[in-house]
Asks: 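The structure under discussion is supplied below as structure tokens; questions concerning it will follow.
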Amino acid sequence: MQIEYNNEIKERFVPIAYDEILRGCVEYLVIKESLEYATLAKSLRLYYHHRFYKELQKLKENYRPFNPDNDVIISPLSEEELKRKEKALFAHVTPILNHANYEILTKEALHEIMNKTSPYGVKVSVDFDDFEEIQLYFRGESFQKKTKRDPRKLYLKRITYEEPLYRRLFLILKPKHIDARAKEIAQAEGKKFDKVRKKLLKKNPLLFIDASNKSIYIKIFKNIPQVDLETLFPNIKVKMALFDKVKLGVFGGGGTIGGGSTLIAKLSVAAIEPVSALMALGAFGGILWRLIKEVFSRRAHYMARLAKNLYFHSLDNNEGALNYMIELATQEESKEALLAYVFLAQTPMTKEDLDEAIELFVRETYKIEMDFEVEDGLKKLQSLGILNYHDEKYSVVSAQSALELLDVHRLELMKETITA
């Protein structure tokens, strides 16, 4: 499977490793004295590590009562306190993902994508009303080149096509309590609450069963085709593809009708030839068994494909996913600050010139289009006190001065962490 970035879409994500950025800048800008820059790069990374460590502790504290993998004792919390922590958790996730250069996938975009047919032949549906809260974010719109048999060539030749996918997906969701969901369905469909609840208990284990179960699930996936987003949700319902339904209807139905006709003919002379009647019954039973077996075989095939898809595409879960996102946020913030500093250290520039210079560097060096967030990069340097502005151009302090300022800021963060 060959995956390539879609250069028609310019993203703010910097798809280059942090260490590689400095090496690329040194070669591209022909920097002779690179040792100070290497030290500065490490100091920048260390500063953002301490900064986001505080954010990670807040996230974990708010998530602990809802973590389905939790194995430590938690003091009982009031309903008001749980609501406060839940609200704080969802509110805190968005800015962290923004620092990691993730984009939110709106409900409108999600529904539009889900209306498309999966190229894998797997058709599933998701009931979003089962959830109290759903947030889905993505980073990296790419495509993979795949081949398939061309129906226009009677399936004798293969054609290559591009399948759009998301390089990274972050999903956080909270299911509803079973009583609340049963009440909604009973009111909407005019059914009895008890019967609806009993049905949900059998068919929807995702929903909360008791008040103490308040799990919030967090998942990170990689390289998910856009048309297969339904497979990320835990309440999917697998359906048979239309082609297979037609196939089973034509071949299975035709065989059943033919077998039934033979059976009737044989039974009409059962009094004369009972052995023939028994053989006809056996043949008809064999036809029905093959048809039923084919149906279950198809379903098993689909479920195995979905399981394999999620097994290889899952990156992290729950509290581990929070650690993962904090690391990504640390990387992205460090990259943006380092790029802005190194280029301004060579010559003073306007904001527009800096933006163009960095994007040109990425394009020529790595053959990738990106939309560098120049204002964010400048704000980072300004907040650290290493940015100057004169005659409508920006410049930076020396590497030695920048290192001294970063040491001061890092010590302040460490003190705040200890006293928090």
Side-chain angles (χ1 to χ4, degrees), residues 63 66-69 86 89-90 93-94 97 102-141 163-178 180-182 184-185 188 196 199-209 213-241 299-322 324-325:
Y63 184 56
F66 313 104
N67 184 2
D69 302 327
E86 179 186 331
L89 173 66
F90 278 99
V93 161
T94 300
L97 289 164
Y102 274 67
E103 309 288 346
I104 190 167
L105 191 63
T106 64
K107 290 183 179 179
E108 293 76 17
L110 182 59
H111 284 295
E112 182 181 350
I113 291 172
M114 285 188 171
N115 286 331
K116 298 178 181 178
T117 304
S118 172
Y120 298 116
V122 179
K123 184 176 178 61
V124 295
S125 62
V126 177
D127 189 351
F128 292 105
D129 292 331
D130 286 342
F131 306 100
E132 281 188 21
E133 185 74 36
I134 297 177
Q135 291 183 16
L136 185 60
Y137 299 80
F138 71 92
R139 192 180 78 175
E141 290 191 67
E163 180 181 65
L165 55 80
Y166 294 118
R167 277 290 180 96
R168 296 292 182 269
L169 280 165
F170 178 95
L171 175 65
I172 178 169
L173 52 83
K174 180 185 178 183
K176 290 179 179 176
H177 191 279
I178 190 169
R181 184 69 183 118
E184 290 176 355
I185 296 174
V196 173
K199 185 177 180 181
L200 287 175
L201 278 172
K202 291 181 178 179
K203 296 188 175 182
N204 200 335
L206 170 74
L207 302 172
F208 297 148
I209 303 303
N213 186 3
K214 298 180 179 295
S215 298
I216 294 176
Y217 299 92
I218 305 175
K219 306 283 184 180
I220 300 178
F221 301 95
K222 67 174 182 178
N223 301 333
I224 299 293
Q226 293 183 10
V227 292
D228 282 348
L229 289 182
E230 300 101 325
T231 61
L232 307 184
F233 296 90
N235 63 335
I236 59 172
K237 295 179 180 178
V238 181
K239 298 179 180 179
M240 192 168 294
R299 181 177 177 82
H301 174 72
Y302 292 155
M303 295 303 293
R305 178 173 285 173
L306 287 174
K308 182 180 179 181
N309 204 29
L310 292 180
Y311 181 85
F312 289 107
H313 290 181
S314 179
L315 283 177
D316 220 326
N317 304 299
N318 302 325
E319 188 173 305
L322 296 180
Y324 189 95
M325 292 311 303

Asks: Return the minimal non-hydrogen interatomic distance between Leu165 and Pro225, and the atom names on each side.
Replies: CB-CA, 3.7 Å
Asks: Rounded to the nearest 0.5 Å, what separation is found between the CD atom of Gln226 and the CD atom of Glu163?
Replies: 9.0 Å
Asks: If you round to the nearest 0.5 Å, how far is CG of Leu97 from CZ of Arg168?
Replies: 14.0 Å
Asks: To check you understand the geometry: which heavy-atom pair defines the closest contact between Leu207 and Asp130, and what is its length?
Replies: CD2-O, 3.6 Å
Asks: With sequence neighbours left out, write down each residue that passes salt bridge (charged side-chain N to carboxylate O under 4.0 Å, His left out) with Arg167, or none if nothing qualifies.
Replies: none
Asks: What's the shortest heavy-atom distance between Leu173 and Pro234, and which atoms?
Replies: CD2-CD, 4.1 Å
Asks: Considering non-hydrogen atoms only, spot the tightest contact between Asp129 and Glu184 and give its length.
Replies: O-OE1, 4.0 Å
Asks: Using salt bridge (charged side-chain N to carboxylate O under 4.0 Å, His left out) as the criterion, list what pairs up with Asp127, not counting sequence neighbours.
Replies: Arg181
Asks: So, using side-chain contact (heavy atoms from CB on, under 4.5 Å) as the criterion, who are the partners of Pro68 when residues are at least two apart?
Replies: Tyr63, Ser215, Tyr217, Asn318
Asks: Hey, what do you get for NZ (Lys219) to CG (Leu171), rounding to the nearest 0.5 Å?
Replies: 9.0 Å
Asks: Can you tell me how far NZ of Lys199 sits from CG of Leu201, rounded to the nearest 0.5 angstrom?
Replies: 13.0 Å
Asks: What closest approach, in Å, do Met325 and Tyr102 show between heavy atoms, and which atom pair accounts for it?
Replies: CE-CE1, 3.5 Å
Asks: Quick one: ring-ring contact (aromatic ring centres under 6.0 Å, His included) partners of Tyr166, sequence neighbours excluded?
Replies: Phe138
Asks: Can you tell if the side chain of Leu322 reaches within under 4.5 Å of the side chain of Asp316, non-hydrogen atoms only?
Replies: no
Asks: Minimum heavy-atom separation for Thr231 and Asp228, please, with both atom names.
Replies: OG1-O, 2.6 Å
Asks: Any chance you could measure Ile172, atom CD1, to Ile134, atom CD1, to the nearest 0.5 Å?
Replies: 11.5 Å
Asks: Determine whether Thr94 and Gln135 make a side-chain contact, defined as any pair of heavy atoms from C-beta on separated by less than 4.5 Å.
Replies: yes
Asks: Once rounded to the nearest 0.5 Å, what's the spacing between atom CG of Leu229 and atom CG of Leu169?
Replies: 6.0 Å
Asks: Which residues satisfy the salt bridge (charged side-chain N to carboxylate O under 4.0 Å, His left out) test with Glu86, sequence neighbours excluded?
Replies: Lys174
Asks: Report the residues that fulfil ring-ring contact (aromatic ring centres under 6.0 Å, His included) with Phe233, sequence neighbours left out, ordered by chain and then residue number.
Replies: Phe128
